[in-house]
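Sequence lines set the chain letters: A, B, ... in the order given, protein chains first and strands last, and positions in each chain run from 1. Because the structure is predicted, anything quoted here is derived from the model rather than measured.
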Protein chains: 2
Amino acid sequence: MANIQQVAQKAGVSVATVSRVLNNNTTVSPETRLRVENAIKDLNYEPSMLGRNLRNSESRLLLVLIPSISNPFYSEIINGIQNTAIANNYNILLCETDSNPERENIYFNMVKNKLADGIISMDPAVNMQKLYELAENHPIILCSEYDEGGSLPYVTIDSELAAYHAVKHLIKLGHKNIALINSDEKFLYARQRRAGYEKALKEFDIPVHKEWIYNTIHVDFQDGVQAMRKLFQSNERPSAVFAVSDTLAIGALKEINVRGLKVPEDMAIVGFDKINFSNMTNPTLTTVAQPMYEMGCVAAGMLMNSIKGIRVDSIILDHELIIRESTMG
Amino acid sequence: MANIQQVAQKAGVSVATVSRVLNNNTTVSPETRLRVENAIKDLNYEPSMLGRNLRNSESRLLLVLIPSISNPFYSEIINGIQNTAIANNYNILLCETDSNPERENIYFNMVKNKLADGIISMDPAVNMQKLYELAENHPIILCSEYDEGGSLPYVTIDSELAAYHAVKHLIKLGHKNIALINSDEKFLYARQRRAGYEKALKEFDIPVHKEWIYNTIHVDFQDGVQAMRKLFQSNERPSAVFAVSDTLAIGALKEINVRGLKVPEDMAIVGFDKINFSNMTNPTLTTVAQPMYEMGCVAAGMLMNSIKGIRVDSIILDHELIIRESTMG
DNA sequence: ATTAAAATTGTAATCGATTACAATACTATA
DNA sequence: TATAGTATTGTAATCGATTACAATTTTAAT
């Protein structure tokens with residue numbers, strides 16, 4: 001592997017000139033440029049990022065923290081982040097925390113060790129204290145998740161409003177007995193979605209049934225199944241369910257099907273996230289779409305600005321209710 | 001941010017000694033070690049990977065090429081790769097090609113630029129010619145996909161045998177009219193799975209119906225739906241379908257449901273891959289499991305060995321038939 | 001022809017680590 | 001005590017780029 005010295009020698013110039021050609025920023029005479037370019041081709045030279053990064057004190061890598069790679073919710077966000085990053089000569093280091101603090105630590109250290117220039121965190125279970133410590137010296141953006149009243153910049157949607165819209169949609173369809181399958185309310189988004197749920201009910205003078213609110217431990221398919229089982233055990237059976245994630249909704253759907261009931265005739269369902277699979281179920285799932293791709297792009301843009309030293313402000317993006325078969329037959 | 005010089009000064013030693021403490025390889029006297037460790041703590045020092053990587057001529061990053069992040073098939077493999085990498089002080093650069101040659105080029109350049117130490121490719125549409133060029137100077141492992149008769153080391157399963165087992169399972173259940181939803185046969189795995197399908201039929205003296213073999217363009221849900229529609233148009237309707245991917249199978253399942261038919265009573269289905277969602281459909285999907293996590297671990301191990309200069313041999317792992325509701329009611 | 005200004009190129013320091021080799025300090029043995 | 005052997009530490013080169021500053025060449029204006 002040739003290095004910049006060898007190119008310089010071959011072209012009969014100094015390394016500075018080669019570097020100038022490489023970064024075509026300062027003036028290099030056309031003839032010299034040509035000589036250098038030929039030398040580069042002849043030697044099959046590729047500049048080493050190791051040298052460049054050390055000199056520039058940057059890795060041009062963005063650390064992206066997600067709880068789990070297999071959660072399809074993050075796919076499109078990651079796409080947006082990655083495309084934006086690449087367009088700006090950055091790349092991403094996708095890291096799965098499994099909500100495991102040790103893992104998290106490894107990743108935080110990567111930033112301290114300059115292996116990454118900044119962080120986009122999408123982990124709702126992230127250790128906020130450590131994140132703030134890190135934020136003193138490194139750019140950090142929260143994506144989808146955020147810290148209410150905190151000082152870390154974020155991109156997200158208005159979860160309360162989105163939940164409100166989802167539940168209102170069910171009410172407009174004539175449903176009064178609407179259950180909520182929520183995740184653990186230690187998560188901000190869970191509290192907000194519950195607030196939106198209750199707000200819609202109150203607006204239409206529908207009392208809130210504690211019995212019809214179920215909190216799951218995780219946000220997996222099986223939790224949805226479990227939740228639905230519980231709801232079937234309640235005294236009066238609800239006629240509709242709002243689940244705060246598609247995966248939960250799909251679990252609920254399965255349990256309803258297993259009992260021989262029809263969606264939406266016997267039980268309507270609304271999910272949340274518009275994951276790919278929500279379109280593949282039978283019936284297809286009504287859900288709330290977050291602008292995931294855009295969210296990823298915005299988050300990446302914010303982080304890169306922050307790295308450049310530009311101050312960034314938090315952004316709240318619009319959601320959209322996607323009405324499909326699970327509520328409209 | 002403190003650097004190694006400052007630590008050395010604070011501890012009253014040379015940078016060499018600090019480096020020795022950092023890598024605790026050569027002998028450092030206990031007292032000196034303590035002084036250095038204290039200086040490290042006092043200064044909140046974190047070694048820079050930029051300096052280390054340049055000096056060591058390595059990035060300790062493994063490039064992982066996948067066609068699409070949102071394809072759940074890769075999740076577990078990636079998990080395996082990442083865990084193995086981290087355990088060995090490596091990390092992964094997860095790159096989505098979208099089967100786009102330009103994108104691919106960007107990633108290949110990252111290796112040439114020393115931003116990554118090697119490649120694990122899982123992209124069936126990868127440009128083999130370029131991969132071989134790259135392989136002259138950089139370690140490359142193929143995972144799941146491979147190049148028949150080629151010289152690149154790979155980890156995979158025996159696709160033909162797996163397909164054979166899947167179809168045999170259907171035959172043992174009494175099916176004779178078995179359709180095949182295959183992907184584009186430009187892919188090796190597609191040709192192999194077709195071979196397995198035909199082998200099973202021949203073994204039981206069942207003729208191969210051209211009409212019942214459908215090749216999709218992509219491997220998405222909608223392709224499965226389309227394929228099933230076509231199969232419903234054939235003169236004699238098959239009683240079972242073997243789809244070479246779960247996503248296709250789930251598409252087929254949807255189309256069968258839409259027509260008011262029951263799985264497996266009216267039509268049995270076998271998928272391939274055991275993606276997470278294959279367990280969440282109604283009915284749950286009989287499928288062929290590849291040992292994905294293990295495959296990822298093995299691939300990562302092979303790549304790291306290859307980087308170390310150790311010669312590695314290709315490996316074929318075992319598959320497993322997962323019998324669920326879509327064939328057994 | 002002279003000279004100031006502009007364009008081009010080179011020299012050498014620098015980023016932050018690792019490590020071969022040299023130098024020094026310590027220990028044990030005769 | 002002298003000395004060989006071992007343990008510990010330091011010096012300085014090195015990885016491969018970038019860039020401030022200096023030096024040189026070219027251009028243009030008088």
Side-chain angles (χ1 to χ4, degrees), chain A residues 1-37 39-40 43-61 89 109-117 137 307, chain B residues 1-40 43-61 89 109-117 137:
Chain A
M1 282 291 143
N3 62 18
I4 200 172
Q5 303 277 355
Q6 292 160 16
V7 174
Q9 187 161 21
K10 176 117 189 170
V13 298
S14 73
V15 291
T17 300
V18 178
S19 178
R20 286 184 191 112
V21 171
L22 251 31
N23 300 287
N24 52 272
N25 45 5
T26 6
T27 44
V28 176
S29 78
E31 309 87 62
T32 312
R33 157 160 278 125
L34 201 69
R35 281 218 314 286
V36 172
E37 280 166 351
I40 288 176
L43 294 173
N44 220 335
Y45 167 73
E46 298 280 348
S48 159
M49 292 306 149
L50 299 177
R52 176 176 293 174
N53 288 348
L54 171 58
R55 174 61 222 219
N56 292 345
S57 263
E58 61 174 13
S59 65
R60 295 201 84 79
L61 252 26
N89 251 299
N109 277 331
M110 291 172 60
V111 180
K112 291 187 190 159
N113 293 334
K114 308 219 179 211
L115 240 175
D117 295 341
N137 293 303
I307 289 171
Chain B
M1 283 291 143
N3 61 18
I4 200 172
Q5 302 278 356
Q6 292 160 17
V7 173
Q9 186 161 21
K10 176 114 188 172
V13 299
S14 73
V15 292
T17 301
V18 178
S19 178
R20 287 185 190 111
V21 171
L22 251 31
N23 299 288
N24 53 270
N25 45 5
T26 6
T27 44
V28 177
S29 78
E31 310 87 60
T32 312
R33 159 161 276 124
L34 202 67
R35 281 219 313 287
V36 172
E37 280 166 351
N38 284 334
I40 288 176
L43 294 173
N44 219 335
Y45 167 75
E46 298 280 347
S48 159
M49 293 305 150
L50 299 176
R52 175 177 295 174
N53 288 349
L54 171 59
R55 173 62 221 220
N56 291 345
S57 262
E58 61 173 13
S59 63
R60 295 202 86 78
L61 251 28
N89 250 300
N109 276 331
M110 291 172 61
V111 181
K112 291 187 190 160
N113 293 333
K114 308 216 179 212
L115 240 176
D117 295 341
N137 293 303

| note | Of the listed D:dA17, C:dT9, C:dT18, the closest approach to the A:R52 side chain comes from D:dA17
| field | Distance in angstrom units between A:L115 CG and C:dC15 P, rounded | value | 20 Å
| field | Identified side chain to side chain contact (heavy atoms under 4.5 Å, CB included) partner of A:S19 from the options A:N23, A:V15, A:V21 | value | A:N23
| Candidate nucleotides D:dT18, C:dA20, C:dG16, ranked by approach to the side chain of A:I4 - the nearest | D:dT18
| Using a cut-off of less than 4.0 Å, is there contact between a side-chain N or O of A:T27 and OP1 or OP2 of C:dT8? | yes
| B:S57 or B:R33, whichever maps to the more 5' nucleotide of DNA chain D | B:R33
| said: D:dC15, OP1 or OP2 - any side-chain N/O from A:S48 closer than 4.0 Å? | reply: no
| query | Which atoms form the tightest heavy-atom contact between B:S59 and B:N53, and what is the distance? | reply | O-ND2, 3.7 Å
| said: Measure CZ/B:R35 against C1'/D:dT8 and give the value in whole Å, please. | reply: 12 Å
| query | Within less than 4.0 Å of OP1 or OP2 of C:dT8, is there a side-chain N or O belonging to A:T32? | reply | no
| note | Per atom distances to the A:R55 side chain, the nearest of D:dT8, D:dT19, D:dT9 is D:dT19
| query | When the distance from CZ of A:R60 to C1' of C:dC15 is rounded to whole Å, what number comes out? | reply | 16 Å
| said: What's the closest nucleotide to the side chain of A:R20 if the choices are D:dT18, C:dG10, D:dT8? | reply: C:dG10
| message | Tell me every residue that passes salt bridge (Lys or Arg N to Asp or Glu O under 4.0 Å) with B:E46, counting only those two or more places apart in sequence or in another chain. | response | none
| side chain to side chain donor-acceptor pair (under 3.5 Å): which pairs involve residues 30-39 of chain B, sequence neighbours left out? | B:S29-B:T32
| Does the side chain of B:M49 reach to within under 4.5 Å of the side chain of B:R52, using non-hydrogen atoms? | yes
| said: What is the separation between atom CD on A:E31 and atom C1' on C:dT8, rounded to the nearest whole Å? | reply: 10 Å
| query | B:N56 has an atom CG; how far is it from atom P of C:dG16, in whole Å? | reply | 16 Å
| query | Can you check the A:K112 NZ to C:dG16 C1' distance for me, whole Å? | reply | 19 Å
| said: Treating A:N113 as the side-chain partner and A:L115 as the backbone partner, does any N or O pair qualify as donor plus acceptor under 3.5 Å? | reply: no
| request: Give a yes/no on whether any side-chain N or O of B:S29 is located under 4.0 angstrom from OP1 or OP2 of D:dT9. | output: yes
| For atom CG of A:L22 and atom C1' of D:dG16, their distance in whole Å | 11 Å
| request: Describe the nucleic acid contact of B:V28 in one word from base, sugar-phosphate, nothing, applying a heavy-atom distance below 4.0 Å. | output: sugar-phosphate
| Contact summary for B:L22 and B:P47, nearest pair of heavy atoms | CD2-CB, 4.2 Å
| query | Atom CD1 of B:I40 to atom C1' of C:dG16: distance rounded to whole Å? | reply | 14 Å
| said: Over the length of the helix from C:dA1-D:dT30 to C:dA30-D:dT1, how much do the five-pair end axes diverge, rounded to 10 degrees? | reply: 50°
| note | B:R20 meets the salt bridge (Lys or Arg N to Asp or Glu O under 4.0 Å) criterion, sequence neighbours left out, with none
| message | Once salt bridge (Lys or Arg N to Asp or Glu O under 4.0 Å) is applied, do any residues pair with A:R60, and if so which ones, sequence neighbours excluded? | response | A:E58
| said: What's the closest nucleotide to the side chain of B:S19 if the choices are D:dT9, D:dT18, C:dT19? | reply: C:dT19
| Near DNA chain D, under 4.0 Å by heavy atom, which residues of residues 5-13 of chain B? | B:G12, B:V13
| request: Please report the closest heavy-atom contact between A:S14 and A:A8, naming both atoms and the distance. | output: C-CB, 3.7 Å
| Touch check for A:N53, heavy atoms < 4.0 angstrom, all strands: base, sugar-phosphate only, or nothing? | nothing
| message | Which heavy atom of A:N3 sits nearest to which heavy atom of A:Y45, and what is that distance? | response | C-CE1, 3.6 Å
| said: Regarding A:L54, tell me which of base, sugar-phosphate or nothing describes its non-hydrogen contacts under 4.0 Å with the strands shown. | reply: base
